[in-house]
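Notes follow the structure.
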Amino acid sequence: MAAATSSSGGVGPGADFLGFTPLSKCGKKSDPKRKRVNRNKKKNWKKHSDVRDVEEFMDDVRLQERTVGCLVSEKSDESLFFMDKGSTKGNKKGAKKITSKKQTKPLRIDLILQPDSRVPAPKDILAHQLPNAKKLKRKREREEKLEEKGVLPRTDRLLLEQQDKPSTRQKDEVNNNPSRGFYDLWADKNPLDAPLEGKDQWYLEQTKKGRVKRPERLNKKPSVLPAVEVAAPGASYNPTFESHQELLLKAHEVEVKKRKVDQRLNRKLKGPSKDKIATEETRLQELCEGLVEESDDERPPGDDVKPEEEKAISLPQGERKTERQRKKEKEAKVLMMRQAAERKEKLRQQGLYQLKSIQSALKSRQAELLRRKQLREERKKAQALQPRRLGRLK
């Protein structure tokens with residue numbers, strides 16, 4: 001038998017051992033401990049407060065506003081109820097007549113597009129407001145008061161003065177006037193510039209009345225070639241015999257020049273003759289040249305060198321020179337310098353007798369430079385006759 005404990009520590013009715021009741025499930029106690037929450041902080045208000053009843057009430061209010069248009073409790077009884085004045089059995093004929101008429105029902109797509117809520121849309125107050133409305137209202141009232149006194153606003157007064165003021169500007173002559181004067185458009189003097197003659201250049205620049213200076217690049221022709229190339233007379237449909245022969249002669253000269261260029265190129269690129277073609281013997285001789293030592297019989301007659309002199313000339317690399325050898329080298333070096341100075345002085349003296357040859361050399365050099373300059377100018381002129389390159393490619 002299980003004994004129930006009372007709240008005072010003893011066993012009481014309706015309680016089981018360890019505080020469990022018959023209604024408790026999954027090992028949970030009947031009355032759990034209440035969780036303590038600090039309610040003086042704002043973040044715990046919505047988290048630990050039950051607002052379901054408020055949300056249900058607000059949902060019910062919104063539903064009534066959408067379906068009925070307002071709260072049902074605020075509507076009158078006549079709009080909610082109607083008087084039942086008996087059955088409609090005796091009025092069957094009238095009902096038939098009403099139902100027999102063709103009723104126009106709206107389409108379903110139109111019903112989808114219609115608003116399903118009876119709550120009116122909120123008014124956009126900013127759409128009906130004007131910026132600076134109070135200021136404009138005060139201005140309008142002030143203008144009305146001045147108008148009653150007979151005083152016009154400043155803008156109206158300025159317009160009236162401008163209308164009454166005679167215009168000092170000279171009206172331009174109409175272009176469609178047949179009796180107007182004509183002038184040469186490309187002449188040096190323009191009659192339209194007559195009012196600006198004698199005026200200071202600085203005044204014309206500041207007032208922007210003077211004509212814009214023409215750039216220098218526009219005065220130069222971009223190419224020597226004519227704008228339109230006129231065909232030769234011999235290229236017409238029915239040319240004369242002389243003009244046709246002249247055209248044929250020009251075409252013949254062009255072809256002769258092309259053929260000369262081709263012949264010159266073939267002559268330069270032509271291979272060697274049969275006598276100069278390399279054979280196996282000449283190729284082997286070139287490969288062995290310098291590798292085979294010449295014998296005493298093959299040595300040239302002037303190349304007789306004594307072995308003792310060869311030994312004296314060729315010294316070993318690691319052997320140290322003697323005082324006598326250094327002295328001989330120094331004397332040879334001084335002798336070479338003296339000979340070079342004497343040769344230079346001799347050439348300077350001989351230069352006095354070579355003035356004519358030097359002058360002729362200078363003239364030939366100047367003539368060569370002049371020839372090269374003329375050749376460059378001719379190439380430049382020939383290049384000017386060619387079409388211009390518009391991009392990177394030709």
Side-chain angles (χ1 to χ4, degrees), residues 2-141:
T5 58
S6 62
S7 60
S8 62
V11 178
D16 202 350
F17 181 64
L18 298 177
F20 291 101
T21 60
L23 299 176
S24 60
K25 295 179 181 179
C26 300
K28 294 181 180 179
K29 295 183 179 181
S30 59
D31 48 349
K33 287 186 177 182
R34 184 178 178 184
K35 188 176 181 180
R36 295 193 177 188
V37 180
N38 192 3
R39 295 183 180 275
N40 60 352
K41 292 185 177 180
K42 195 171 183 179
K43 65 179 181 179
N44 294 330
W45 290 355
K46 190 173 182 180
K47 187 177 180 181
H48 300 287
S49 59
D50 191 8
V51 291
R52 283 178 294 179
D53 51 352
V54 180
E55 290 178 353
E56 291 175 0
F57 174 73
M58 294 302 297
D59 291 340
D60 187 21
V61 171
R62 295 191 193 99
L63 179 61
Q64 293 180 25
E65 288 179 351
R66 286 197 305 272
T67 54
V68 185
C70 64
L71 295 178
V72 179
S73 59
E74 296 177 357
K75 296 184 73 68
S76 60
D77 296 340
E78 288 80 5
S79 61
L80 295 175
F81 305 99
F82 64 94
M83 294 295 292
D84 190 3
K85 297 181 180 180
S87 62
T88 58
K89 292 180 181 180
N91 198 10
K92 287 183 179 180
K93 294 181 179 179
K96 284 183 180 179
K97 288 181 181 179
I98 295 170
T99 54
S100 63
K101 290 182 180 180
K102 187 178 180 181
Q103 297 178 357
T104 57
K105 294 182 180 180
L107 298 176
R108 180 169 180 77
I109 188 164
D110 295 334
L111 293 174
I112 292 172
L113 295 175
Q114 289 179 357
D116 58 348
S117 176
R118 295 193 178 185
V119 180
K123 293 183 179 180
D124 190 3
I125 302 174
L126 298 176
H128 302 283
Q129 290 182 353
L130 295 174
N132 300 329
K134 292 183 178 180
K135 184 178 179 181
L136 295 174
K137 185 179 179 181
R138 289 196 300 268
K139 184 179 180 181
R140 201 181 309 112
E141 291 175 355

| message | To the nearest 0.5 Å, what is the distance between NZ on K75 and CG on L71? | response | 10.0 Å

| task | Mind checking the CG-NZ spacing from N132 to K137? Nearest 0.5 Å is all I need. | result | 14.5 Å

| task | Please test Q64 against V61 for side-chain contact (heavy atoms from CB on, under 4.5 Å), starting from the C-alpha separation and ending with a verdict. | result | CA-CA 5 Å; Q64 293 180 25; V61 171; 5.9 Å; no

Just distance, no hydrogens or angles: give the donor-acceptor pairs under 3.5 Å from side chains in residues 105-115, sequence neighbours left out.
none

| message | Would the distance check show the side chain of E65 and the main-chain N or O of V119 forming a donor-acceptor pair, the cut-off being under 3.5 Å? | response | no

| query | Is a donor on one side and an acceptor on the other found under 3.5 Å between the side chain of R118 and the backbone of T67? | reply | yes

| query | Is there a side-chain contact between Q129 and I125, using heavy atoms and a 4.5 Å cut-off? | reply | yes

| What residues form a side chain to side chain donor-acceptor pair (under 3.5 Å) with N40, not counting sequence neighbours? | N38

| said: Per the salt bridge (charged side-chain N to carboxylate O under 4.0 Å, His left out) rule, what does the pair list look like for residues 52-62, sequence neighbours excluded? | reply: D50-R52, D59-R62

